[in-house]
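Let me begin by presenting the structure, written as structure tokens, before commenting on it.
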2 protein chains.
Amino acid sequence: MDETKKAETAPPVDRVIDVPPSECSLARAIGEIGDAWTLLILREVICGVTRFEKMQEDLGISRAVLSDRLQKSVEFGLLEKVEHREPGQRMRHRYALTAKGRALLPALLALRQWADDFLRDEPSRTVFCDKDMSRVTVLITNEAGKQTSVNDVIATTVDDIDARSG
Amino acid sequence: MDETKKAETAPPVDRVIDVPPSECSLARAIGEIGDAWTLLILREVICGVTRFEKMQEDLGISRAVLSDRLQKSVEFGLLEKVEHREPGQRMRHRYALTAKGRALLPALLALRQWADDFLRDEPSRTVFCDKDMSRVTVLITNEAGKQTSVNDVIATTVDDIDARSG
DNA sequence: AAGGCTGGGTCTGCTTTGCAAACTTTGCTA
DNA sequence: TAGCAAAGTTTGCAAAGCAGACCCAGCCTT
């Protein structure tokens with residue numbers, strides 16, 4: 001085993017960032033969207049599946065749970081329930097992304113990228129593009145706009161930053 | 001309500017990207033790490049909390065469930081169980097991030113950013129930096145390296161891309 | 001107007017998962 | 001040798017998930 005790999009998989013950790021989860025915004029995020037079904041539902045909406053029946057069929061989720069998750073997603077402001085009438089049809093509902101829900105795209109894209117890198121056996125058929133049909137990716141940059149590798153990212157606290165610069 | 005906001009919250013959706021979740025790498029990712037506890041455990045490890053007892057105390061998770069999630073994370077290759085002896089102490093275990101686990105950082109950072117933008121009531125105390133102690137952020141770019149807004153991102157399929165360019 | 005169809009849910013009974021708290025094991029250290 | 005702590009396992013009960021049945025409002029046909 002070469003040295004770089006060893007450093008990657010088992011770095012000696014002595015720095016403990018002691019911010020309890022209750023104070024961590026990530027923990028609160030997980031409370032809202034950390035449920036597996038909620039993420040899958042958001043994925044459906046992003047891919048244009050906005051109706052109850054189709055989601056239920058796609059996901060194979062129990063109707064009761066789907067109903068519950070949709071309600072909660074609306075409560076949390078991730079989705080919006082929209083009345084929608086197609087010509088010659090009766091009134092239907094759709095669930096549409098709100099700005100808050102759409103803002104989860106970077107997280108979902110990052111997760112997808114990870115899955116493609118580490119779990120894929122065949123390439124993903126879905127693709128995410130910008131207006132010019134240029135594929136988009138998620139990456140980490142520092143304040144100067146320079147791309148950074150995950151291996152160079154460290155967790156610290158504002159207090160620590162202040163202490164260094166002050 | 002102004003027009004841009006309306007467009008944001010309820011775009012008319014006629015394009016349905018019909019790739020079932022079973023074929024979607026995102027769905028498989030959610031199978032591995034979509035559990036709320038697993039994400040919180042990864043957050044602990046990233047912040048330097050690598051021992052069973054401390055995690056259990058921080059998270060308030062049941063010991064049985066913590067044990068189960070750690071085992072699964074090791075099975076999935078997200079974490080590695082490392083024997084670890086401090087001088088004058090008996091042998092202990094630590095759970096360390098593998099390369100696969102560390103590769104989830106962009107997703108977790110993106111989620112954190114989202115939480116800071118939409119859920120925060122007070123600023124996060126934890127910060128993520130690069131080697132130069134410059135704070136890092138996650139952003140979406142296209143193939144030309146140009147930053148893209150979430151509002152301009154659309155889902156499509158490889159088939160569709162091929163059809164346009166071909 | 002009667003009946004049927006469909007989208008969008010509830011309801012029910014059973015199974016699985018989660019939880020707190022007690023218990024176990026192993027290897028120090030006193 | 002007794003005691004302690006880290007890292008689990010066990011147990012008994014509570015909550016959540018599931019499949020499948022049921023329900024109801026609107027619209028359409030006859």
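Below, chain A is the first sequence line, B the second, and so on; all start at residue 1. We use all heavy atoms of the structure for the numbers below, so side chains are in, but hydrogens, waters and symmetry mates are not.
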Checklist line | Pairs involving residues 47-60 of chain B, ordered by first then second residue, that meet salt bridge (charged side-chain N to carboxylate O under 4.0 Å, His left out) (sequence neighbours left out) | finding: Asp18(A)-Lys54(B), Glu53(B)-Arg63(B), Lys54(B)-Asp58(B)

Check: Under the salt bridge (charged side-chain N to carboxylate O under 4.0 Å, His left out) rule, what pairs show up with a residue in residues 152-164 of chain A, not counting sequence neighbours?
Finding: Arg15(A)-Asp160(A), Asp152(A)-Lys131(B), Asp159(A)-Arg125(B), Asp160(A)-Arg164(A)

Item checked: By salt bridge (Lys or Arg N to Asp or Glu O under 4.0 Å) - contacts of Glu44(A) (at least two apart) ->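 Scan of Glu44(A) (salt bridge (Lys or Arg N to Asp or Glu O under 4.0 Å), adjacent residues dropped) gives none.
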
Item checked: Any residue meeting salt bridge (Lys or Arg N to Asp or Glu O under 4.0 Å) with Asp116(B), in chain and number order, not counting sequence neighbours ->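 For Asp116(B) the salt bridge (Lys or Arg N to Asp or Glu O under 4.0 Å) partners, ignoring immediate neighbours, are Arg112(B).
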
Item checked: N-O pairing of Arg28(B) and Asp121(A) below 4.0 Å -> yes

Margin query: So does Leu70(B) get a backbone contact from the side chain of Lys81(B), meaning a donor-acceptor N/O pair under 3.5 Å?
Written below: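 Here the side-chain-to-backbone pair does not exist.
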
Next item on the list: Using modelled atom types only, decide if a donor and an acceptor are shared between the side chain of Gln56(A) and the backbone of Ile61(A) within a distance under 3.5 Å.
Entry: yes

Next item on the list: Using heavy atoms to find the nearest nucleotide of DNA chain D for Arg85(A) and Asp35(A) separately, return the residue whose nucleotide is more 5′.
Entry: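 Whichever sits nearer the 5' end wins; that is Asp35(A).
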
Item checked: Spatial distance of atom OG1 (Thr137(B)) from atom CZ (Arg135(B)) [nearest 0.5 Å] ->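 Rounded to the nearest 0.5 Å, the OG1-CZ separation comes out at 11.0 Å.
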
Notebook entry, point to check: Which letter, B, S or -, goes with each nucleotide of nucleotides 3-11 of chain C from 5' to 3', with contact meaning a protein heavy atom under 4.0 Å?
Noted result: ---BBBBBB

Check: Rounded to the nearest Å, what distance is computed from the CD atom of residue Gln56(B) to the C1' atom of nucleotide dA21(C)?
Finding: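 Rounding to the nearest Å, CD of Gln56(B) and C1' of dA21(C) are 11 Å apart.
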
Notebook entry, point to check: chain B on DNA chain D: first and last contacting nucleotide, 5' to 3', under 4.0 Å to a heavy atom?
Noted result: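 Going 5' to 3' along DNA chain D, contacts run dA5(D) to dT10(D).
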
